[in-house]
Amino acid sequence: MLKRTIATIAALVAAVGLVSCSSTNNFNKVPKNTGFFQHLTENKDKDVPVDAYWGAGMSNQEWDKRVTGADARGVSLRVAPVTLNYMVNRPSTAKEMQELMELKQYFDKKLMSEFQKLSADSRNHFHLVQQGGPGVFTMETAILSAKPVVVSKNAALKVVGMATGAGLVTDRLLGKDEDKGSICIACRIKNPSGRVVSETAKYMTGRSSILGYDLKDFQSYAHHKACIDDWVKLAADSFVMKSNDKLSLPWFKLNPF
């Protein structure tokens, strides 16, 4: 069976000032009893940077024929709206709930935009469709948890860092990645008959810039957008690549089933 998964690359920190997400395995932080998973298995494959992975479905040959167009059906996919129905830590205030809803809307727009690009590219044999039907796979994505940035603590750490000149060192020693927010994204793929053939989950925390200062540390869910961006890009790429292809990051491989 293929090992392709809908996942996220984390720790994509650029040379100066950019934000990304942690890449360590956090299977113990993935909410286990949400009702979203039928099969929740810890991922131990270092080439697949997700905390949980399960897949059973097409053979490599069957999938590759769809991706290359040898199978005229190609890959037809319906992308369902991101759901918050399985969250284990809903916001306690109306303000945070509104910001979380805005994050969900951002997630939905990123997903549709990225998959629409794939579908519009004549080089791909990928077809984004609005409804399920014969030959159509369905992608369901859920935010299982989302912890906002601890703004007050990050602000205090920045003051200490700037006063001592420690900068990034102070930020790392005194702060925790979780203070910059965390998000757990889960995804499952259903085949045309409605059977779940792939499940993944990834827990990510925010990271400050290399310079130790980032405006996202003072916004409740801003770090989460960087995690979502990475996740969406690789999720989309996975649907147009053969089983042995590599993504832009050479150590990472995706197979959807």
Side-chain angles (χ1 to χ4, degrees), residues 3-11 20-46 48-56 79-108 110-111 138-150 153 175-190 194-207 220-232 234-235 238 254 256-257:
K3 289 183 178 179
R4 188 177 292 253
T5 178
I6 307 305
T8 182
I9 280 288
S20 191
C21 314
S22 64
S23 60
T24 55
N25 190 290
N26 288 301
F27 180 73
N28 62 319
K29 296 182 179 180
V30 174
K32 306 298 192 298
N33 301 314
T34 65
F36 185 79
F37 296 109
Q38 295 181 19
H39 314 271
L40 188 66
T41 305
E42 182 175 4
N43 170 54
K44 296 181 180 180
D45 185 348
K46 293 182 179 179
V48 182
V50 288
D51 304 316
Y53 170 80
W54 175 87
V79 177
V82 175
T83 180
L84 304 177
N85 292 342
Y86 299 90
M87 282 194 68
V88 296
N89 60 341
R90 287 185 169 276
S92 57
T93 68
K95 179 178 181 295
E96 285 190 355
M97 189 64 205
Q98 177 61 33
E99 291 176 344
L100 180 61
M101 288 301 299
E102 292 173 356
L103 184 70
K104 173 206 154 13
Q105 293 168 4
Y106 176 87
F107 202 162
D108 281 326
K110 291 294 292 189
L111 272 175
T138 299
M139 175 180 174
E140 298 178 343
T141 307
I143 297 178
L144 299 186
S145 67
K147 179 181 177 183
V149 168
V150 183
K153 186 170 184 178
K176 297 179 180 179
D177 290 334
E178 284 81 357
D179 294 335
K180 297 169 183 62
S182 65
I183 185 170
C184 183
I185 298 173
C187 181
R188 62 190 179 193
I189 306 297
K190 292 183 177 178
R195 184 172 71 91
V196 174
V197 293
S198 179
E199 295 178 340
T200 65
K202 182 63 181 175
Y203 176 93
M204 295 161 280
T205 57
R207 290 291 181 90
S220 295
Y221 291 103
H223 278 292
H224 301 65
K225 292 182 179 180
C227 298
I228 287 171
D229 289 348
D230 291 342
W231 192 95
V232 167
L234 292 183
S238 72
L254 281 179
F257 301 106

Checklist entry - Looking only at heavy atoms, what is the nearest atom pair of F37 and A201, with distance? => result CZ-CB, 3.6 Å
Next on the checklist: Heavy-atom count check: over 12 atoms from other residues, nucleotides or ligands less than 6.0 Å from N28 CG?
Outcome noted: yes
Checklist entry - So which heavy atom on P91 is nearest to which on Y221, and how close? => result CG-OH, 3.9 Å
Item to check | With S182, the side-chain contact (heavy atoms from CB on, under 4.5 Å) member among H224, H223, K147 | outcome: K147
Item to check | Any M204 side-chain heavy atom under 4.5 Å of D230 side chain | outcome: no
Checklist entry - When you check the gap from the basic side-chain N to the acidic O, do K104 and D108 get nearer than 4.0 Å? => result yes
Item to check | Cationic tip of K32 above F27 ring, under 6.0 Å, 45° of axis | outcome: yes
Checklist entry - What class does the angle between the rings of W231 and F107 fall in, given that below 30° is parallel, 30 to 60° is tilted and above 60° is perpendicular? => result perpendicular
Item to check | Value rounded to 0.5 Å, distance of NZ in K29 from OG1 in T205 | outcome: 7.0 Å
Checklist entry - Hey, are the side chains of V88 and L144 touching, using non-hydrogen atoms and a 4.5 Å cut-off? => result no
Next on the checklist: Is any side-chain heavy atom of L84 closer than 4.5 Å to one of R90?
Outcome noted: yes
Item to check | Side-chain touch N43/T200, heavy atoms, less than 4.5 angstrom | outcome: no
Next on the checklist: How long is the straight-line distance from CD of E102 back to CE of M97, given to the nearest 0.5 Å?
Outcome noted: 11.0 Å
Next on the checklist: If you compare all heavy atoms of E199 against all heavy atoms of R188, which two are closest, and at what distance to 0.1 Å?
Outcome noted: CG-CB, 4.0 Å
Checklist entry - Heavy atoms, side chains only, cut-off 4.5 Å: are L100 and M87 in contact? => result yes
Next on the checklist: Let me confirm one number: the OG1-CD1 distance from T138 to I189, rounded to the nearest 0.5 Å.
Outcome noted: 8.5 Å
Checklist entry - Quick one: does Y106's side chain get under 4.5 Å of V82's, heavy atoms only? => result no
Item to check | A146 backbone acceptor or donor facing N89 side chain under 3.5 Å | outcome: yes
Next on the checklist: To the closest 0.5 Å, what do you measure between CG (L103) and CD1 (I183)?
Outcome noted: 5.5 Å
Item to check | Separation between CZ of F36 and SG of C187, rounded to the nearest 0.5 Å | outcome: 6.5 Å
Checklist entry - Are W54 and V196 close enough that some pair of their side-chain heavy atoms sits under 4.5 Å apart? => result yes
Next on the checklist: Using modelled atom types and a 3.5 Å cut-off, is there a donor and acceptor pairing between side-chain atoms of D51 and backbone atoms of Y203?
Outcome noted: yes
Item to check | E96: partners by side-chain hydrogen bond (donor to acceptor under 3.5 Å, both in side chains), with sequence neighbours left out | outcome: none
